[in-house]
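The structure under discussion appears below in the form of structure tokens.
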2 protein chains.
Amino acid sequence: MTDAEYVNIWMRPERPARGPKPTYSRAQITEAAIRIADAEGLEAATMRRIAAEIGAGAMSLYRYVPSRDNLVELMTDRLQGEIDVAGMPSGDWRTDLTRYADGLRAMWLRHPWIATVQRSLPSFGPNQLLLIERLMGVLDAFVSIDENLGLMAMLNGYIEGTVREEISSAKEVRRSGLSESEWMARSYPYVDRLVKSGEYPIFTKIVMEARHPHLSRDDQFRYGLQRVLDCIAAALPSTAESPMSAHREGRKEQDGPGRARS
Amino acid sequence: MTDAEYVNIWMRPERPARGPKPTYSRAQITEAAIRIADAEGLEAATMRRIAAEIGAGAMSLYRYVPSRDNLVELMTDRLQGEIDVAGMPSGDWRTDLTRYADGLRAMWLRHPWIATVQRSLPSFGPNQLLLIERLMGVLDAFVSIDENLGLMAMLNGYIEGTVREEISSAKEVRRSGLSESEWMARSYPYVDRLVKSGEYPIFTKIVMEARHPHLSRDDQFRYGLQRVLDCIAAALPSTAESPMSAHREGRKEQDGPGRARS
DNA sequence: CTCCACTGGGTACGTTGTACGCGGTTGTGG
DNA sequence: CCACAACCGCGTACAACGTACCCAGTGGAG
């Protein structure tokens with residue numbers, strides 16, 4: 001089996017048996033790369049830059065990592081480890097999934113570049129495996145694996161989609177050096193032209209509403225998450241009823257005070 | 001206002017008033033770039049390659065497009081136009097959203113590279129605007145804009161998340177030149193080691209189950225989508241009841257025949 | 001007719017990932 | 001104990017990238 005035939009990075013041993021002791025380590029390199037990516041984006045984490053960060057020569061990194069893509073894989077798995085899923089399943093699936101959702105979102109917001117890595121087939125690094133065990137374990141007692149996978153796809157889809165939006169908004173703000181409201185002011189001519197054209201009534205409605213957001217980003221996320229969890233609840237057998245899920249009030253019309261519909 | 005201060009690509013006029021007639025056009029360049037990206041991935045659509053495709057010199061493209069990033073924006077908006085949302089809202093929101101979901105998924109599968117572009121703040125190209133109008137119009141009569149945005153975030157999150165997985169799986173298959181089952185055979189040593197270790201019971205369950213998938217990818221998608229739509233239905237006032245949504249049967253335990261839990 | 005804003009495109013620069021090979025270091029078989 | 005092969009860090013080199021700059025031609029406005 002030649003070097004190129006390792007199925008993934010986790011199969012390739014970090015350290016060979018013989019030879020001089022390595023000065024650095026995969027973990028150290030991964031850490032440095034994450035530090036740079038956090039501060040300046042993933043594209044700033046070039047091999048030369050990472051090497052400089054730990055005081056090594058550029059090509060030295062290739063003694064530890066076969067390629068930059070593989071390094072990104074290492075970084076991604078390290079991030080999965082930041083999500084605290086200890087003690088799951090706790091018996092209260094709603095609490096568990098809320099904790100997971102908050103943890104995943106917080107992790108993405110700490111490391112926004114994660115949104116730009118397109119996962120290849122799941123590489124099943126150690127942290128990802130642990131996460132799978134704990135997360136899928138939450139509903140494992142209640143539904144089949146197929147159904148569990150489907151529900152988690154929905155949950156993850158909601159979380160990632162929402163956070164992607166938060167991230168790209170924040171990135172644009174940083175990129176342009178303008179605050180969010182300044183950015184809106186800058187793009188005013190374009191938006192205004194669209195609004196004034198009268199061809200986009202719903203877009204207009206969104207723009208008008210967005211200027212007076214009722215909820216903070218956190219609250220928006222929490223609110224939508226509760227909706228998703230309600231949906232999951234509906235898919236579970238009654239035996240799974242979560243101890244403290246008595247927050248199902250009659251919601252119906254809860255519009256703001258007298259906003260007319262166009 | 002200097003060139004750099006255009007707020008986005010849509011504000012910048014394609015053609016100036018005077019001078020010789022351009023040989024090419026933004027639309028033509030965009031089309032060529034999409035063709036290349038479809039066949040070989042977005043990273044293959046380099047400026048030189050696109051120029052060669054239409055028979056131009058590399059630098060000529062910059063007469064039409066300020067930068068490659070802006071070109072990607074043009075490509076993305078063109079893709080949004082492929083989703084057929086004509087005639088929405090039709091009055092049957094469930095049918096409308098199903099059609100949209102199928103259309104979005106099909107478009108992503110036709111142009112998998114879309115998953116690798118990280119949107120900056122929504123650029124509101126013409127096709128995206130139209131899509132917003134039609135899609136958000138579907139539920140506009142039933143819920144507030146805030147709620148509508150939340151529900152659509154959930155729907156889009158589910159669709160994009162699911163399709164991302166399909167895409168990365170397909171890409172890995174193409175990259176390695178192996179079929180899906182060959183790929184699994186190749187990675188058998190790694191997976192087998194994990195299974196045999198006994199530390200990952202749920203991962204093991206997934207692997208065992210995945211060898212006998214009950215549903216095709218299409219059916220999986222459809223199934224999860226129905227679940228999401230059920231969730232949306234729960235958030236709507238009763239007046240919004242969709243004509244043909246009587247497919248809520250009693251589902252409970254539907255496990256495979258007697259697989260013990262570890 | 002004259003001007004000059006525009007055209008297509010060639011050359012060149014800085015930056016990227018990484019193949020290759022060097023001289024030095026070290027665990028191990030004889 | 002010692003020679004050797006396997007490993008180390010890393011300097012050099014190359015191809016490909018996005019794009020700044022410049023130039024000679026072209027055609028509508030005054």
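Each chain gets a letter, A, B and so on, in the order its sequence line appears, and its residues count up from 1.
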Could you pull out all residues at least two apart from A/Gln128 that satisfy side chain to side chain donor-acceptor pair (under 3.5 Å)?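 Counting only residues at least two positions away or on another chain, A/Gln128 forms no side chain to side chain donor-acceptor pair (under 3.5 Å).
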
Length of the line joining [X]:[atom1] and [N]:[atom2], which is rounded to integer Å:
{"X": "A/Leu61", "N": "D/dG11", "atom1": "CG", "atom2": "C1'", "answer": "14 Å"}
{"X": "B/Arg48", "N": "C/dA12", "atom1": "CZ", "atom2": "P", "answer": "13 Å"}
{"X": "B/Ile50", "N": "D/dA16", "atom1": "CD1", "atom2": "C1'", "answer": "15 Å"}
{"X": "B/Gln28", "N": "C/dG8", "atom1": "CD", "atom2": "P", "answer": "10 Å"}
{"X": "A/Lys21", "N": "C/dT25", "atom1": "NZ", "atom2": "C1'", "answer": "12 Å"}
{"X": "B/Glu43", "N": "C/dG17", "atom1": "CD", "atom2": "P", "answer": "15 Å"}
{"X": "B/Arg68", "N": "D/dA16", "atom1": "CZ", "atom2": "C1'", "answer": "13 Å"}
{"X": "B/Met47", "N": "C/dC13", "atom1": "CE", "atom2": "C1'", "answer": "17 Å"}

Is there a donor N/O on one and an acceptor N/O on the other, under 3.5 Å, for the side chain of A/Arg63 and the base of D/dG9? yes

Quick one: does A/Arg49 reach the base of C/dT15 with a side-chain donor-acceptor pair under 3.5 Å?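 Check fails, no donor-acceptor contact within cut-off.
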
Could you verify whether a donor N or O on one side chain and an acceptor N or O on the other, from A/Asn156 and A/Tyr100, lie under 3.5 Å apart?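 Yes, a side-chain donor-acceptor pair sits under 3.5 Å.
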
From A/Tyr200 OH over to B/Glu133 CD, what is the distance, rounded to the nearest 0.5 angstrom?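 Nearest 0.5 Å value for the OH-CD distance: 8.0 Å.
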
By the 4.0 Å heavy-atom rule, please label A/Ala56 as base, sugar-phosphate, or nothing. sugar-phosphate

Set out, in order, the CA-CA distance, both residues' side-chain angles and the distance that settles side-chain contact (heavy atoms from CB on, under 4.5 Å) for A/Leu74 and A/Ile29, then state yes or no. CA-CA 10 Å; A/Leu74 291 176; A/Ile29 293 170; over 6 Å; no

Measuring from the side chain of A/Thr23 (C-beta onward, heavy atoms only), which nucleotide among D/dC8, C/dT18, D/dG18 has the closest atom?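 It is D/dC8.
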
Listed nucleotide nearest any side-chain atom of B/Ser67, set C/dG9, C/dT7, D/dT19: D/dT19

Below the 4.0 Å mark, does D/dG11 have OP1 or OP2 next to a side-chain nitrogen or oxygen of A/Tyr62? no

Please compare A/Met59 and A/Thr46 by the position of their nearest nucleotide in DNA chain C and report the one closer to 5'.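 Going by which nucleotide is closer to the 5' end, it is A/Thr46.
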
Going by the angle between their ring planes, with limits at 30° and 60°, are B/Tyr24 and B/Tyr64 parallel, tilted or perpendicular?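 B/Tyr24 and B/Tyr64: perpendicular rings.
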
